Amino acid sequence: MGKVLVEAAAGGAFGAALDLTLIVRRGEVTAPWATAIVAVGLALALAVVVLVPALLGLRASGRHRAIRGIVDGLRTPGARRVEALVVVGVALVAWLALWGLAFASISALYGTMKRPGGPAMIGATAIAVGAVVLALVASAGGARLARRAGRVAALARVTSGRAGWALALAGLVAAAGAVHAAFALGVPLWDATPAYVSVAAAAGALVASAARAGDRVGARGRAAVAVGVVALVASALTLVGREPAARRATAERGVLGAGALHALWWLTDDDGDRTADRFGGHDCDDGDAAIGPRAREVPGNGVDDNCRLGDASPDALGPRLHARPSTTPGAPRADIVLITIDTVRADHVGAWGYARPTTPTIDALAARGARFARAVSPYPLTRHAVPALLYGRYPSAMAAPRRRRGTALSELLRHAGYDTAVVTTVGRIRDGVFDGFGEMIEARGAAGITDAAAAWVRARPADRPYFVWLHYMDPHEPYQPAARPFGDDAVARYDAEIANVDAQIGELLGALEALGRPRSPVVVVTSDHGESFGEHGQRFHDRGLLEPQTWVPLVIAAPGGASTVVDAPVSLVDIAPTLLDLVGLEAPRGMNGVSLAAAVRDGGAIPARPVLAEWSSSKPPHRQQVSVHDGAHVVIRDVIGWTHAVHDLVADPGQRHDLSETPLGAELLRRLDEAIERELAVLPGEPR
């Protein structure tokens with residue numbers, strides 16, 4: 001057992017070193033020694049726990065005749081080593097082919113069928129067929145090829161010494177490079193970094209095992225390793241609760257250390273609410289699942305439900321308690337065109353200063369309308385951000401899908417006499433979002449959406465107002481534009497997708513203008529969330545609340561409205577009350593959003609208030625964050641780890657430096673907790 005511990009510790013140390021490197025590269029480290037001890041200690045603990053039984057299992061399986069034959073062959077110079085290397089190589093190639101077949105099948109369906117059951121079914125079939133092929137190739141063809149290769153004297157000479165091991169290592173590196181290229185050039189559905197770190201730790205342990213490290217260090221060395229591992233892990237467990245900066249860096253930017261930390265919280269969670277009161281957690285009542293930092297506050301019940309500012313007063317809910325009448329009662333029922341483009345970050349739009357000519361249509365619309373320079377997505381994922389937009393409520397202020405609290409914008413407009421329709425590809429927007437629309441039109445591709453929407457509007461009676469919502473999917477990965485005017489890398493293809501949708505918006509606006517209806521429409525152009533391209537080690541979206549994923553464009557142009565730029569932070573939840581206000585309708589009770597109509601009509605001031613965003617991971621390790629913007633700054637709270645970070649978005653747009661330990665950080669954290677109480681607490685009369 002001591003020998004296996006040494007080998008596992010060697011692999012764990014290698015993985016922990018990579019983990020710490022990632023943590024340092026992905027962001028500022030404000031407590032370097034504590035972070036190093038916590039990150040390395042937790043990563044080492046996880047690696048040892050996983051690798052010790054794995055190595056014991058390998059040693060046991062090594063008694064199997066076939067596996068023992070391969071191992072013995074690798075240890076024997078000459079023809080036998082060649083045969084063993086060929087068998088291993090054929091098995092790896094066959095496995096990679098199996099992986100590629102399943103990956104390609106699922107990716108193709110993911111990008112075309114848009115049906116959740118299809119990819120899983122075809123993918124499972126591909127894996128089953130591939131497994132049969134793999135077994136046949138590895139057992140029959142692999143053995144035959146190995147025997148032929150063993151007769152080649154040159155190969156036997158090359159593999160008889162260190163050159164053979166170097167050749168094998170080069171082959172493994174080439175295989176890893178091929179897998180990485182597949183992620184970079186194919187359809188990237190997940191972040192491969194955790195896999196790389198985990199495989200590196202396992203490889204380190206296997207190398208230590210092959211080198212018989214446990215035998216070489218002797219009994220005293222094995223005892224020293226055991227004592228060192230225990231001391232380092234104990235130090236990490238002690239520091240993780242005392243050093244928030246180290247806890248945050250490990251939980252948010254690590255791989256092995258983050259997994260170990262979240263496992264600790266899961267193991268010490270007594271009430272099953274995914275939060276604990278140990279190892280830095282902040283569950284103020286770990287015996288009641290209804291009380292904890294992830295819970296919603298119930299004002300006036302005498303309980304601090306969310307472990308923040310005590311029991312909230314119902315008066316703290318402010319405007320949410322009442323319906324808000326329109327500031328322009330009796331306003332004409334203007335036509336409304338709502339355009340949402342999936343996955344567009346604001347800093348890739350020309351009107352926000354982007355150098356590439358991606359959005360001439362949106363730029364022109366922004367020049368004649370109201371451009372909201374700091375619009376925040378309430379959630380960096382479509383299935384939550386779009387309902388928040390349509391209901392005017394933050395995601396936590398709504399119930400589960402198909403049982404949402406409140407009334408959607410589409411329903412309110414229908415009751416006011418509007419014809420309503422949504423035009424989109426329906427695959428990624430489900431769960432009751434389309435409820436309330438008079439018609440749901442499914443189209444394929446940006447051009448299809450444009451044509452279908454224009455045809456629907458053309459068929460509307462001139463004396464009836466209409467509300468049409470178009471959701472363009474194209475900038476969402478996979479980035480596969482028909483033309484590539486900006487290049488072939490991921491960012492260039494992403495920009496080309498944005499440019500394609502912008503051109504279609506131009507076609508749509510031109511078609512609507514040609515209809516000659518009595519009233520020009522109110523036009524809204526925005527996005528549901530942004531996209532990360534490696535910032536802080538993150539790719540795509542639904543990864544957290546950093547600016548690349550939450551900062552989105554927002555333009556609202558109304559007939560006779562002002563040309564203005566609004567620098568105050570706003571949210572997508574403000575769109576629904578704004579549109580209701582512009583057409584003379586009241587915003588119902590419970591909406592978090594505020595009307596921006598004053599800015600749209602005449603460039604007037606809008607209410608200044610903190611703007612929230614939320615996020616929680618749908619896959620282990622479970623994480624949850626909430627943030628608040630005040631314009632120049634953002635504070636992000638990790639709800640489960642109970643840490644926070646404060647960033648100056650003007651001086652530090654890359655969000656590299658944490659100001660949480662400054663007086664400003666303390667003030668912003670107080671505003672965050674107050675905004676959570678005001679915006680996310682349960683309204684009187686609503687179910688929890």
Side-chain angles (χ1 to χ4, degrees), residues 1-25 29 32-63 67 71 74-75 165 168-169 172-173 176 193-241 243 246-247 249-251 253-267 279 621:
M1 182 65 181
K3 298 177 182 179
V4 174
L5 176 62
V6 170
E7 296 161 4
F14 185 43
L18 293 177
D19 221 22
L20 184 59
T21 302
L22 285 174
I23 290 171
V24 173
R25 290 194 61 186
V29 177
W33 284 110
T35 299
I37 293 173
V38 169
V40 172
L42 291 178
L44 186 60
L46 180 66
V48 167
V49 168
V50 173
L51 288 174
V52 164
L55 289 172
L56 288 173
L58 278 176
R59 292 194 174 193
S61 66
R63 300 188 182 97
I67 296 177
V71 173
L74 290 173
R75 290 174 176 172
W165 290 109
L169 179 62
L172 289 175
V173 171
T193 303
Y196 294 156
V197 175
S198 303
V199 168
L206 291 175
V207 169
S209 180
R212 303 183 188 277
D215 294 322
R216 294 176 186 274
V217 298
R220 291 184 178 180
R222 292 194 289 272
V225 169
V227 171
V229 168
V230 171
L232 183 56
V233 172
S235 300
L237 295 178
T238 302
L239 283 174
V240 73
E243 294 287 346
R247 184 167 69 249
T250 303
R253 303 198 292 269
V255 175
L256 300 179
L261 186 52
H262 283 85
L264 282 174
W265 287 327
W266 177 73
L267 289 171
F279 301 111

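Note that the structure is predicted; figures quoted are calculated from it, not measured.
- Not counting sequence neighbours, the partners of A47 by the side-chain contact (heavy atoms from CB on, under 4.5 Å) test are L51.
- Partners of A249 under the side-chain contact (heavy atoms from CB on, under 4.5 Å) rule, at least two apart in sequence or in another chain, are I23, T35, R253.
- For the pair H262 and A251, the tightest heavy-atom approach, listed with the atom from each and the gap, is CE1-O, 3.9 Å.
- When all heavy atoms of V52 and A8 are compared, the pair lying nearest together is CG2-CB, 3.7 Å.
- Here the side chains of R247 and L261 are in contact, with some heavy-atom distance below 4.5 Å.
- Nearest heavy atoms, G41 versus A236: CA-CB, 3.8 Å.
- Contact detail for K3 and R222: the closest heavy-atom pair is N-CD, 3.5 Å.
- Screening T250, L20, V50, V197 for a side chain to side chain contact (heavy atoms under 4.5 Å, CB included) involving L256 leaves a single residue, V197.
- L5 approaches A226 most closely through the heavy-atom pair CD2-CB, 3.7 Å.
- Here L42 contributes atom CG and L232 contributes atom CG; the two are 9.0 Å apart, rounded to the nearest 0.5 Å.
- Every residue two or more places apart in sequence or in another chain that forms a side-chain contact (heavy atoms from CB on, under 4.5 Å) with F279 is listed here: L237, V240, L264, W265, T268.
- Between the side chain of D19 and the backbone N or O of V255 there is at least one donor-acceptor pair closer than 3.5 Å.
- Of all heavy-atom pairs spanning G15 and A201, the tightest one is CA-CB, 4.0 Å.
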